[in-house]
Amino acid sequence: MSELGLIVVWPNYLHCADDVVGELKDDFEIISSYDIKWNRNILYQNFYRFYGDRLSTKSIKEKTSRGSEFKLIVFKDSNPKYAFRATARGIEKVNINFFDLKKMFRRKFNTRFGIHGSNHENETGRDLSLLLGINTEDFKKQNYEKWSGKVHRVERDITGSSGWDSLEQFFYFINAVEPYLVLRNFSELDKKIEEIDDIDFLVNNRHKFALFSNAVKMSKGTERANYSILVDKQKLHIDLRYIGDNYFDQFWQQDCMNKKVLHDKGFYILDEENQYFSLLYHALIHKKIMPEKYKKYFKLSNEELRNRLYEFMHKKGYLMVEPNDITLNFNKENGGDIKFSRPRRLRKKKGFNGFIKKTLYKLNNIIHFRRGPD
């Protein structure tokens, strides 16, 4: 089965574009070509959001000191071949035709950062969604004829730079870009934006998800989960829980992500079993007292619910864990007498002594941070 790949020639290397097109014609079928122009006022933001990370100054200068217009070429590989390769993100299984092509271009034009290429069709879909706002499935439907040589001129920034027209647009985009699932209360997503309290997400990488979705951090604490996105010109609060943040056991979090299912409305949710027990964990462990809405949903006594949760967790090998977010409650009556971290213990201290201990702890952290590891 054929696969779509893409090459991006960044502004400083546009003089190499004709060579790139020539090489691609020899081994692949070119599907479409674009000259894309970004707004120079948000150039760095576009790069950060495209790569999902903060880039070095050297990297950005090598890409674009001569302007903000670049070339995108989409092509088809009729004989994809997969193998493991060491990439900037670690060991990945890649289409070696794509991977070796990108390495060849970088060697030929003597650049580390001036040429971008997708490593497999999933990454192609991510890049198309970011650059053009379309996923691979819809792109294939719109580009089924042989390339005529026409170059499309496009002036647009990374998708979502000015916010999202609707939740449907946001989920269409993020489905192709970064793994996630909606943890609970997804039935509320049918409401108007102003009527939605917030959306709780579980993600693989909180930093990347926030960049891709153009989310703004709403609090200073590094472990706080509250962000906001702009939807239909209105601020929508979202909580970003991530694998390894101890919102609940990280092996349980990973199992949830592996078993996620696509809801009829076009977003990913928990499978039925994990949906029930993660909500039960949230109600018993993260809440000081179980809210009435959860009591009505579960319809069992606290003791029966505890036993049901304990049996499930024991069977799966999941542990009770203290959340990294110290503002999130941990109910010891239901979760057991686990040892809390020092920041959480200090947070509970009141009065003058508590103030002094918190201040000394924060000062020690600042000094340690500035000195760095020995």
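Just one of Asp165, Ile196, Leu236 meets the side chain to side chain contact (heavy atoms under 4.5 Å, CB included) condition when paired with Val231; it is Leu236.
Put simply, CD1 on Ile36 and CH2 on Trp38 are 8.0 Å apart, with the number rounded to the nearest 0.5 Å. Interatomic distance, CG of Asp53 versus CG of Leu211, reported as 7.5 Å (0.5 Å rounding). Atoms OG and CD1, on Ser162 and Ile42 in that order, are 6.5 Å from each other to the nearest 0.5 Å. Taking CG from Leu202 and CZ from Arg184, the interatomic distance works out to 10.5 Å, rounded to the nearest 0.5 Å. Summarising the geometry, atom CG belonging to Asp100 is positioned 8.0 Å from atom CZ belonging to Arg107; distances are rounded to the nearest 0.5 Å. The distance from atom CD1 of Ile326 to atom CZ of Arg345, rounded to the nearest 0.5 Å, is 11.5 Å.
Other residues, nucleotides and ligands contribute at most 12 non-hydrogen atoms within 6.0 Å of the NE2 atom of His314. Other residues, nucleotides and ligands contribute more than 12 heavy atoms inside 6.0 Å of the CD atom of Glu194. Asn329 CG: more than 12 foreign heavy atoms inside a 6.0 Å radius. Remark: Lys102 NZ is packed, more than 12 non-hydrogen atoms of other residues, nucleotides or ligands lying under 6.0 Å away. A 6.0 Å sphere centred on CD of Glu188 holds more than 12 heavy atoms belonging to other residues, nucleotides or ligands. Counting heavy atoms of neighbouring residues, nucleotides and ligands inside a 6.0 Å radius, atom NZ of Lys332 exceeds 12 of them. Atom CD of Glu303 has 12 or fewer heavy atoms from other residues, nucleotides or ligands within 6.0 Å. Arg54 CZ: 12 or fewer foreign heavy atoms inside a 6.0 Å radius.
Not one N or O on the side chain of Asp198 forms a donor-acceptor pair closer than 3.5 Å with the backbone of His237. A donor-acceptor pair under 3.5 Å links the side-chain atoms of Arg49 to the main chain of Thr159, judged by distance alone. A donor-acceptor contact shorter than 3.5 Å links the side chain of Asn12 to the backbone of Lys61. The backbone N or O of Ile158 sits less than 3.5 Å from a side-chain atom of Asn46, completing a donor-acceptor pair. Between the Arg153 side chain and the Lys37 main chain, no donor and acceptor come within less than 3.5 Å of each other. For the pair Lys217 (side chain) and Ser219 (backbone), a donor-acceptor distance under 3.5 Å is present. Judged purely by atom type and a 3.5 angstrom limit, Glu178 has no side-chain atom pairing as donor or acceptor with the backbone of Phe212. The backbone N or O of Leu131 lies less than 3.5 Å from a partner atom in the side chain of Arg156, making a donor-acceptor pair. Side-chain N or O atoms of Arg344 include one that pairs as donor or acceptor with a backbone N or O of Asp325 at under 3.5 Å. Looking at Ser2, its side chain never comes within 3.5 Å of a backbone N or O of Lys76 through a donor-acceptor pair.
Side-chain polar atoms of Asp157 and Asn39 form no donor-acceptor pair below 3.5 angstrom. Between the side chains of Glu322 and Ser341, at least one donor-acceptor pair of N or O atoms lies under 3.5 Å. A side-chain N or O of Asp77 and one of Asn95 form a donor-acceptor pair less than 3.5 Å apart. Side-chain contact annotation: Tyr172 with Asp138, donor-acceptor N/O pair under 3.5 Å present. Side chains of Ser161 and Asn214: no donor on one and acceptor on the other come within 3.5 Å. With 3.5 Å as the limit, one finds no donor-acceptor pair spanning the side chains of Asn307 and Glu311. A side-chain N or O of Ser59 and one of Lys63 form a donor-acceptor pair less than 3.5 Å apart.
The aromatic ring centroids of Tyr13 and Phe109 lie 6.0 Å or more from each other. Separation of the Trp252 and Phe277 ring centroids does not fall under the 6.0 Å cut-off. For Phe251 and Tyr318, the ring centers sit 6.0 Å or farther from each other. Tyr242 and Tyr247 have their aromatic ring centers separated by at least 6.0 angstrom. For Phe75 and Phe98, the ring centers sit closer than 6.0 Å to each other. Proximity of the aromatic rings of His116 and Phe70 is defined here by a centroid distance below 6.0 angstrom, and this criterion is not met. For Tyr281 and His286, the ring centers are positioned less than 6.0 Å apart.
A perpendicular orientation is assigned to the rings of Phe170 and Phe209, their planes being inclined by more than 60° (bins at 30° and 60°). Phe267 and His263 have parallel rings, their planes meeting at less than 30° on a 0 to 90° scale where 60° marks the start of perpendicular. Aromatic ring orientation, Phe50 versus Trp10: perpendicular (interplanar angle above 60°, classes split at 30° and 60°). Taking the six-membered ring where the residue is Trp, Tyr34 and Phe139 present tilted rings, their angle falling between 30° and 60°.
Val154 and Leu43 end up in the same hydrophobic cluster when Ile, Leu, Val, Met, Phe, Trp and Tyr side chains are linked at under 4.5 Å. Residues Val21 and Phe105 are members of one and the same hydrophobic cluster, defined by side-chain heavy-atom contacts under 4.5 angstrom among Ile, Leu, Val, Met, Phe, Trp and Tyr. With hydrophobic clusters built from ILVMFWY side chains whose heavy atoms lie under 4.5 angstrom apart, Val74 does not share a cluster with Val151. Cluster membership for Leu4 and Val177, using ILVMFWY side-chain heavy atoms within less than 4.5 angstrom, is shared. Criterion: ILVMFWY side-chain heavy atoms under 4.5 Å apart, direct or through other members. Under it, Ile115 and Leu130 are not part of a common hydrophobic cluster.
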Asn246 vs Gln250, test: side chain to side chain donor-acceptor pair (under 3.5 Å). Steps then yes/no. CA-CA 6 Å; Asn246 281 352; Gln250 72 174 59; over 6 Å; no

Test log, rule salt bridge (Lys or Arg N to Asp or Glu O under 4.0 Å), inputs Glu292 and Lys296: CA-CA 6 Å; Glu292 286 299 321; Lys296 292 177 181 178; 5.7 Å; no

